[in-house]
Structure formats: structure tokens, C-alpha cells
S.K.: 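Attaching a single structure in C-alpha cells format; questions to follow.
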Amino acid sequence: MITQERLPMVAMPSMNDTHLEDIIIINKLSKAIDAKDAGAVSLILKELIEHTVVHFSGEEEMMREKAFPPYPVHKGEHDRALNELRVVAKNFQSAQNIEAVKAYVETLTPWLIQHIQTLDTVTAMFLVNGVSPCSSGAC
Ligand SMILES: [Fe+2]
Ligand SMILES: [Fe+2]
């Protein structure tokens, strides 16, 4: 479980709202895992995929519109994470292994926090304030 207080904030409120929705779904998934409710796990995994597609494509559209210099790095990390989530959901449909989903969620939460603290933070600073991460040598 991840509390709202542990969620890092970025400079763009709409991104923070999306991240909060993310942790609400992830926490719901954790509860279904603890309850060993395979039907709920399956439905929530679908919900998480749908939300993640909207979350990532929204950020990617804003980055493309403003020509964010390290766009390929951020997009590459989204593609990798979404692909991993899709594989976990697909495997769950066939194997119904709740422990595998549990192990995934244990890596998803720290990944999400780390992603928000790094790529999302510099992206929001660029989109809102025009601060380029390249000015500090990050490109
Ligand atoms: Fe994000
Ligand atoms: Fe992102």
C-alpha cells in the first residue's frame, strides 16, 4: 500500500491528479491480492492498463507539443512499463497466479515513485516553467 503523503508532487496539478488515481487503483489491486480475489484482481488489472494508457499518452502528447528534448527517454520508460504490465495481466489470465501479481505490485510502487521523482518531475518543470533539463547537462 502506498499512502497519498508518499506520492511525490510535480509542478503540474493535472499530472498529480493522474498519479493519485494511479495509486488508488494500485491500492485497490493490493487489497484484492490480499483477499485472494482472482476475479477482482483480473478486473483491476484491466482498469490499471486502461488508466496507464491514458496517463502515459497524456504526458507523451504534452511532451511532443512542447518538443521536450529527452522525449525518447521518457517515452521509452513508459513503453517498457506498459509492456511489463500487459505481460503480467496476460499471464494472470492464463495462470491465475496471484503471487506473481503480488510480486509485480511490489516492484510497481517503487518504480512509480522513482519515475515521478525523476522523469515526470523534469518534464513538468519543462512544460510549466520552460526549464530545460538540458541546461543542467542531463541531455
Ligand atoms: Fe506520470
Ligand atoms: Fe511519465
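For ligands, and for the atoms within them, numbers begin at 1 and follow the listed sequence. Predicted model only: the values in this text are computed from it and were never measured.
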S.K.: Check the angle between the aromatic planes of His78 and Phe56 and answer parallel, tilted or perpendicular using the 30° and 60° thresholds.
M.R.: parallel

S.K.: Which atom names give the shortest non-hydrogen contact between Val128 and Ala11, and what distance separates them?
M.R.: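 Heavy atoms only, the tightest pair is CG2-O, 3.6 Å.
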
S.K.: Tell me, with the steps shown, if Glu77 and Arg80 meet salt bridge (Lys or Arg N to Asp or Glu O under 4.0 Å).
M.R.: CA-CA 5 Å; Glu77 207 22 44; Arg80 190 205 55 75; 3.2 Å; yes

S.K.: Mark yes or no for whether His55, through its side chain, and His51, through its backbone, hold a donor-acceptor pair below 3.5 Å.
M.R.: no

S.K.: Using modelled atom types and a 3.5 Å cut-off, is there a donor and acceptor pairing between side-chain atoms of Thr109 and backbone atoms of Glu106?
M.R.: no

S.K.: Checking Thr118 side chain against Gln114 main chain: does a donor-acceptor pair fall under 3.5 Å?
M.R.: yes

S.K.: With a cut-off of 2.8 Å, which protein N/O/S atoms are close to the Fe ion (ligand 1), if we only count those under it?
M.R.: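 Checking every protein N, O and S atom gives His19 NE2, His55 NE2, Glu59 OE2, Asp120 OD2.
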
